[in-house]
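Please read the structure below before turning to the comments.
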Amino acid sequence: MPLFLLLLLVGGSQATHFLGTVMTYSPRSTSDDGSLTVVVRYKMNFHLCGYSDRFSCFSGNCGTQIAFNLRLVYNESSGEWCQTEGITTLQVPSNAPFSVWLNSGNWIDNIVNGIVSWRALTLVELRNRSDTGQANRSPQTTILPALRVPSNCQRNFTLLAFDPDGDEVKCRYGNTSESECNPCTPVSVLNLSSTCTLSFSPTNTSDEGPYAVQLVMEDFPRQTIGLTQTGGVQTIVTTSDAISKIPVQFVLRVDPAVPSCTEGLYLPRFLPPTPANRAQLYTSVGQTLEISIRAEANISMISELLYSGPHNMVQITSGPGQFVLLWTPSGTEAGESHPICFVVQAVHNSTKYHSELRCVVVSVGNNPSQNITATAETPTTSPATAETTAASPLIVLQMRVRVSSSFQLTEDYINTVLMRVKDVMVSYGLPQSITLTYVKTL
Ligand SMILES: *[C@@H]1O[C@H](CO)[C@@H](O)[C@H](O)[C@H]1NC(C)=O
Ligand SMILES: *[C@@H]1O[C@H](CO)[C@@H](O)[C@H](O)[C@H]1NC(C)=O
Ligand SMILES: *[C@@H]1O[C@H](CO)[C@@H](O)[C@H](O)[C@H]1NC(C)=O
Ligand SMILES: *[C@@H]1O[C@H](CO)[C@@H](O)[C@H](O)[C@H]1NC(C)=O
Ligand SMILES: *[C@@H]1O[C@H](CO)[C@@H](O)[C@H](O)[C@H]1NC(C)=O
Ligand SMILES: *[C@@H]1O[C@H](CO)[C@@H](O)[C@H](O)[C@H]1NC(C)=O
Ligand SMILES: *[C@@H]1O[C@H](CO)[C@@H](O)[C@H](O)[C@H]1NC(C)=O
Ligand SMILES: *[C@@H]1O[C@H](CO)[C@@H](O)[C@H](O)[C@H]1NC(C)=O
């Protein structure tokens, strides 16, 4: 894929083929007069890159748009779908809640659960939280336009459900009477858990076909908090009240049965060092994050890495089933968390097969002048394999890590470095239970 691409906007959005959307928001700044700027990002999935939609105000005062950008995220190689991202900066006069929606038509044809028109609603809550002293931030997630599963296989789709304020994130189907979709018919072949896992169990061939999955993701405080509006009125929010809500909509394709559901044959299987699902990664402004993804499929042929993430992410294919995603955040992204999801697609006998869905969230360090970078050098394995108990063998490795820093390393920072090294090692497949200890500075 080229690094930069200009998109041609085709006016109007009628008679298009929609495959869902995800909307998130991030507050940016507050002025002395109480007005705020907020960045609303929305992924749009259509069959062609030239189609797009613009959200409009549904309720409250949505302010004025002061910037808008439309970017290409990913264009599926066979022309099945294209994901773009609209990035809108709104200036609102106060932090009072408002909601915006996409409301038009049509989804792709022959949706099994009967959805034709698209509608997606986002509730933007920017009131000042008593626990963080800042405007609320929405959950962060993304999705691919279409996910596939053969009708005879079991599969769980565990969506990314990350909240930058540390809230509990829950998922539910949209509610038609709340104008969250038009209509919100649930998907009969999926069981949705409130923790945002969709489980698919082997089903009848009569259930095959595309489904419109229309979810709502919400953030709930972990303890009762207050939300203060510009001017001073405070509202109490308990752990059973949602603060904000965002739409997560995509197509689930239930495909004809596959001869074997074993991962690694027809269905691609992820291999290390692919990060674990829901892994949390870190980088800082100007520093390139590298995500290595490997997969195998012994019968089908791996054809591409499908992904959704920041529009300026770059993909490198280094061999069959070997991919690297590169992303360098800019200054305006400092302090934000960006979601990335991916699926490996394989082809056999002109049938497409998907790996499981994996997503990670990338937190962008706030202070570029205080870069902490840790590069693990080839571990000098002193096979001082310690005592081995029958239940869990204990392995001790010595690792040399080079840390470059623009300031003196205090114990606090060493602990931060240790935490980050651990996160990286866990994302490479080591268990959460590993312990890292600082020994000495060489
Ligand atoms: C997207 O991919 C399709 C199919 O390969 C191609 O025809 C189309 O030109 C691509 N669009 C863009 C904007 O890259
Ligand atoms: C939010 O509240 C905190 C303390 O309650 C205050 O320090 C801060 O200035 C407030 N922020 C805004 C944007 O009103
Ligand atoms: C899928 O999720 C269900 C319930 O959430 C769980 O019981 C099952 O073990 C999971 N299956 C796989 C293959 O992870
Ligand atoms: C959907 O919204 C309506 C109106 O707010 C409410 O009465 C109803 O209980 C909601 N349905 C569900 C399933 O939550
Ligand atoms: C959903 O879960 C229920 C109860 O666990 C189970 O009986 C049903 O078969 C599941 N449905 C699907 C589509 O997985
Ligand atoms: C499969 O579908 C047929 C026809 O719709 C139905 O009669 C049958 O009960 C279904 N079987 C299962 C296991 O759901
Ligand atoms: C695929 O082939 C490789 C190399 O022959 C083998 O190690 C691996 O176990 C195979 N995968 C499956 C799922 O059979
Ligand atoms: C390839 O697909 C065709 C039609 O979809 C089917 O008849 C044939 O058996 C398939 N061949 C293999 C090797 O799977």
Side-chain angles (χ1 to χ4, degrees), residues 1-10 16-17 19 26-38 44-52 70-85 91-97 124-137 144-146 153 165 221 225-237 243 258-272 274 294-308 311 314-315 319-322 335 344-348 352-353 355-356:
M1 281 219 322
L3 277 178
F4 299 100
L5 205 104
L6 291 178
L7 288 182
L8 182 68
L9 259 173
V10 178
T16 52
H17 299 287
L19 296 97
S26 314
R28 279 277 161 87
S29 60
T30 308
S31 308
D32 292 340
D33 65 0
S35 70
L36 274 82
T37 54
V38 56
M44 288 168 288
N45 312 327
F46 287 100
H47 72 302
L48 292 177
C49 299
Y51 285 108
S52 68
L70 180 66
R71 313 293 184 122
L72 175 71
V73 178
Y74 194 81
N75 183 17
E76 201 266 352
S77 68
S78 72
E80 181 188 345
W81 52 257
C82 183
Q83 186 174 68
T84 56
E85 183 176 47
Q91 178 154 33
V92 287
S94 80
N95 62 8
V124 182
E125 174 58 83
L126 295 170
R127 283 180 287 177
N128 196 353
R129 297 171 60 120
S130 57
D131 56 347
T132 62
Q134 288 178 1
N136 182 63
R137 292 173 283 186
L144 290 164
C153 301
D165 299 317
I225 61 164
L227 293 177
T228 305
Q229 194 156 325
T230 314
V233 181
Q234 198 185 56
T235 306
I236 299 300
V237 177
I243 308 173
V258 63
S260 167
C261 292
T262 304
E263 291 190 340
L265 299 177
Y266 293 87
L267 308 176
R269 172 173 73 162
F270 284 121
L271 300 172
T274 311
R294 282 197 59 206
E296 68 169 10
N298 290 355
I299 297 176
S300 61
M301 198 186 75
I302 291 180
S303 54
E304 77 189 282
L305 175 73
L306 310 173
Y307 63 84
S308 172
H311 67 85
V314 177
Q315 181 188 174
Q322 298 188 19
V344 168
Q345 180 161 279
V347 181
H348 178 68
K352 291 176 186 169
Y353 296 105
S355 68
E356 61 169 316

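The structure displayed is predicted, hence computed values, not measured ones. Whatever order the structure lists them in is the order used to number ligands and atoms, beginning at 1. Side chains are part of it too, since the values below use all heavy atoms of this structure and drop only hydrogens, waters and symmetry mates.
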Which atom names give the shortest non-hydrogen contact between [X] and [Y], and what distance separates them?
| X | Y | answer |
| --- | --- | --- |
| A135 | L126 | CB-O, 3.2 Å |
| E85 | V73 | CB-CG2, 3.7 Å |
| P97 | Q229 | CD-OE1, 4.3 Å |

Checklist entry - Can you list the ligand 7 atoms lying under 4.0 Å from a non-hydrogen atom of N298? => result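 Close to N298: 1 (C), 2 (O), 3 (C), 8 (C), 10 (C), 11 (N), 12 (C), 14 (O).
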Item to check | Enumerated ligand 7 atoms positioned under 4.0 Å from heavy atoms of E263 | outcome: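 Every atom of ligand 7 under 4.0 Å from some heavy atom of E263: 13 (C).
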Checklist entry - Near C49, which atoms of ligand 1 are under 4.0 Å from a heavy atom of that residue? => result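 Counting from 1, the qualifying ligand atoms are 11 (N), 12 (C), 13 (C).
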Item to check | Atoms of ligand 1, numbered as shown, that sit under 4.0 Å from any heavy atom of S77 | outcome: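 Within the 4.0 Å cut-off of S77, ligand 1 contributes 4 (C), 5 (O).
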Checklist entry - Is N75 close to ligand 1, meaning an N/O of one under 3.5 Å from an N/O of the other? => result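 Yes, there is a polar N/O contact under 3.5 Å.
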Hey, could you give me the [atom1]/[atom2] distance between [X] and [Y], rounded to the nearest 0.5 Å?
| X | Y | atom1 | atom2 | result |
| --- | --- | --- | --- | --- |
| R28 | L36 | CZ | CG | 12.5 Å |
| W81 | N75 | CH2 | CG | 8.0 Å |
| Q345 | L305 | CD | CG | 10.0 Å |
| I225 | R129 | CD1 | CZ | 4.0 Å |

Checklist entry - Heavy-atom distance under 4.5 Å between the side chains of T228 and S130, does that happen here? => result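 The answer is no, as the side chains (C-beta and beyond) never meet within the 4.5 Å cut-off.
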Checklist entry - Are any of the side-chain heavy atoms of L144 and Y74 separated by less than 4.5 Å? => result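 They are not in contact (no side-chain heavy atoms under 4.5 Å apart), so the answer is no.
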Item to check | Under 4.0 Å from ligand 2 - residues by heavy atom, chain and number | outcome: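 Residues T30, N128, G133 each place a heavy atom under 4.0 Å from ligand 2, listed by chain and number.
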Item to check | Test of proximity, T262 against ligand 7: N or O pairs below 3.5 Å | outcome: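 No, no N or O pair falls under 3.5 Å.
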